[in-house]
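Data first, discussion second: the structure below is written as structure tokens.
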Amino acid sequence: MMWLKKHGLFFLVIVFTFLLFLLFTGWENHPAFSAASDWPQFQKDEFKSGQISVKTPVLSPRPAWSKFIFRQGSLGIQNTPVVSGGTVYVFAGNRLVAMEKKTGETLWEKDLGAHGNLQIPTPAIGAGKVFVATFDGYLMAFDAQSGAELWSKKVSERGFQCPVTYHEGKIFIGEGGTGGETNSYYCLDEDGVVKWVYTAQTAGYLWCGAAVVGNFLVFGNVDGVLTSVYKDTGVPADILDLREAARISFAQDRPGRIRASVTYQNGYLYTTSEAGADAGYLWKIGLDLNNGRFLNEGFSTPIGFSTSTPVVYAGRIYVGQGEHGYPGSLVCLSEANGQILWSCPVEQGVKSSPALLVADTGVYIYFTTAKNDGFLYCLDEEGRLVWKYNPPDEGYIIQGVAATEGMVFLGTSGGYLYCFAEEEEWPSFQRNIQNSGRSPSPAPIEEPGVAWQVFTHYTSTHGIDHSPVIANGKVVVVDVDEYAWAFDVITGKVLWSTKLTGGLRFNLSTPAYGEGKFFVAASTGHIYALDENSGQIIWSGKLTHGTGQKEELSTQVLYHEGKVYVGSWEGVYYCLDASGEEGAPKILWQYVTNGAFEWWSGPVVIGDYLLFGDSNSVLVSVYKDSGVKVDEINLSIHYNLVAGKIRSAVTCNSKTKRIYLTSSGSGNGYLYALGFDPLTGEFNPDSGWYTSIGGYTSSTPAVHAGQVYVCSGSFFKQGGLYCLRETDGDLLWKNEFTGYGSEASPAISIQNGKAYIYITTDCAKGAVYCFDEGGNMKWEFIPDHPEYVLAGVALADNKVFFVNDAGYLYALGSYVAWDVNCDGQVNLLDMVIIGQHFGQTGNPGWMRTDVNKDGVINVLDMVLVGQHWTG
């Protein structure tokens, strides 16, 4: 009774919310996921297609979570995870673990006992069950939801090392790789009953997963033989030795071993073989769907050692090549004739099978390198590097990834499973390590409303002078009094504030997020790592040695792979260990330039390299892990002009292999596009252009769909927003302001295939603007506490976030009264916010929770929300 008195109002709010939910949505069961977004077995499906259509590929990877699963000696996770619905499953050693795919939370875990853990098969999911094969020859089934063991059966004395294939109530798997004159392929039903066994003279089916093609099951073996059997009976339909010139005109005397799965596309089978450490083939072979016989149609192309299962899409074949301890590459071949179209060399063999994420913006290929402390790569369809990532542990990576909408999953022999997700927030300057300024988050394209606003500190014309950063539902800024603040992204509620060392000037350095910490650099030369949940200082210290402005840490902060990068006004670039050392910064390397960095000239990570500019118009490329210089270019000398100071960061476009930046000198602002090789770290300035964009610019360009967007001007120099053609720099349109300009770096929201560009203006009544890709202004917003706006915006949570020198942080959202949190949806979250302010009174409409603008927050506001419920 006492509890009811104490919490009665909140309880009634929740009950009322639930009743409204039932009233406006009914009892419908909406599916939580689509099977099209699943990756339930090796290379996704029974065809081993290795591809998935997505709206959101992983182009700005965020380590969403990692979880230790199993390790024994040098053996950890030796296969790919599988994904079904909201759950990812991984089998390693004696453990089968189910985890929530977005958070990594363990849903259930099973100890399978001692069955061996060397190169164990990838499981398969079907009919609500997880099917597991073990190294010592057992097959098992578990309930996918609860983990309850359904059956376990000893099937083979040889053991299993190839992936499980599931199709229409049946599981298929081959034994071997452990010796013997004969080995078998098995078919069991989902209840564990053996339906048929096919036995052949072969040393085994090591990694030789099957493809289901019509009425047939097709698989290879380590003797270079392909077999087709009727999938329901196991009766042989055809057998093809790849040396058999009488059968196929593209046979090879030494085809080597097939140690890959077979994939099927458009009437043809594809697989690979290896004939020693530096020899092997890609095979395309026709199959008659009427009788299951192999046809003399196709080709064999020498690509070198390969155990990779090919992926075929849009007339191209993508496949990995290279043995452990040898050079490797990802190879793209023509599906029509087997001609090699391109090859992307990497540091060691690619034994993994690639995964393709197919989106409106193109095709992206994800694969790994077979080495200790290996890499995860992402290429575009032309073999250009989009990004590479080194997982934190130093485990060996032999397998590829599983993919789903906006996420890829990877395990290593270090025993960890990693989830890499597309960055949906704005955790650093211009959102990611490429400084792209592009966001998948919708943002208002019609006149917005203020979702919330907060005040920090204000001194004279100083307030907040960097763009906000947003991570894990927190918006973080640093104000003129050197307070770091964190606000709830939905409500604007203060989560914490931390006093740092007192500020002297504008604090211009944009913070960055990583590893549960916000990294903040100050105008006093101090750098801090703050706990994301409490704001507590984990480590801090002063890096610079100069006085006055020379002591400032003046660039944006960048976090990447356990390292923090920041530059100083005095001309030193720092690389720090993100973990710090005994409460202080741990400097990993320093790069000293001949000039100062000044203001906004922050770094960009492209492959293994870090790029940044200085005030002497010199652009440099260094190894990001050591700071050793790879290449540099002096823009003034190369272009024969007074380029002046580089005050922008660098951004890049992997499709054009170009980088983009700006500089200002002698009354002219310039925009540059110049070539950069992400594999060598070298500049190619002859592949590009430069153009004048007014009298001054410190704006970092943003590139999308063949157009470059950039701002010019400042509080005392006229300028505006420019749009230029990416190929040649020709001006497509511009929108200039009278008497002032913009120091913002444009932010782009992609909505329904169209780009919307958001900037701010640097004048006494600084405003936020939205333009469409044709240069038409969609809206202008002048805050109720106007001041200069030095920084651009951040886009996340369906909102536009910006700051100004009045010390305010604003969150703008779509202005619909009943969408209380301005997230584009009317649902339980809006009800909860009303509940938090229930009973408060004020001037009509004084806060968004007063939905009906009657001056009191009560059940009538909830009714309006309920009437416009979207779910």
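Heavy-atom basis, side chains included; hydrogens, waters and symmetry copies ignored.
Aromatic ring centres of Phe409 and Tyr418: separated by at least 6.0 Å. Between Tyr185 and Tyr198, the distance from one ring center to the other does not fall under 6.0 angstrom. Checked against the 6.0 Å centroid criterion, the rings of Phe172 and Tyr186 do not qualify as a close aromatic pair. The aromatic ring centroids of Tyr326 and Phe305 lie 6.0 Å or more from each other.
Here Ser687 pairs with nothing under the side chain to side chain donor-acceptor pair (under 3.5 Å) rule; sequence neighbours left out.
For the residue pair Gln43 and Thr309, no side-chain donor N or O sits within less than 3.5 Å of a side-chain acceptor on the partner. Side-chain contact annotation: Thr369 with Glu347, donor-acceptor N/O pair under 3.5 Å present. A side-chain N or O of Glu726 and one of Tyr660 form a donor-acceptor pair less than 3.5 Å apart. Asp373 and Asn390 are linked by a side-chain donor-acceptor pair at a separation below 3.5 angstrom, with hydrogens and angles left out of the test.
More than 12 heavy-atom neighbours from other residues, nucleotides or ligands sit within 6.0 angstrom of CG on Asn337.
The list of salt bridge (charged side-chain N to carboxylate O under 4.0 Å, His left out) pairs with a residue in residues 300-321, not counting sequence neighbours, reads Arg316-Glu382.
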Just do the side chain to side chain donor-acceptor pair (under 3.5 Å) check on Gln399 and Thr80 with the steps written out, would you? CA-CA 6 Å; Gln399 68 285 341; Thr80 57; over 6 Å; no
Give the C-alpha distance, both sets of side-chain angles, the deciding distance and a yes or no for side chain to side chain donor-acceptor pair (under 3.5 Å) between Asp631 and Ser621. CA-CA 5 Å; Asp631 198 7; Ser621 165; over 6 Å; no
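A salt bridge does not link Arg247 to Asp241: none of the charged side-chain nitrogens sits closer than 4.0 Å to a carboxylate oxygen. Ion pairing between a basic and an acidic side chain is recognised when a charged N comes within 4.0 Å of a carboxylate O; Lys371 and Glu394 show no such pairing.
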Report, one line per pair, each donor and acceptor closer than 3.5 Å where one atom sits in a side chain of residues 70-78; sequence neighbours left out.
from  : atom 1 : to     : atom 2 : distance (Å)
Arg71 : NE     : Gly73  : O      : 2.9
Gln72 : OE1    : Asn117 : ND2    : 3.4

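Relative ring orientation between Phe250 and Trp283 is described as tilted, the plane-to-plane angle lying within the 30° to 60° band.
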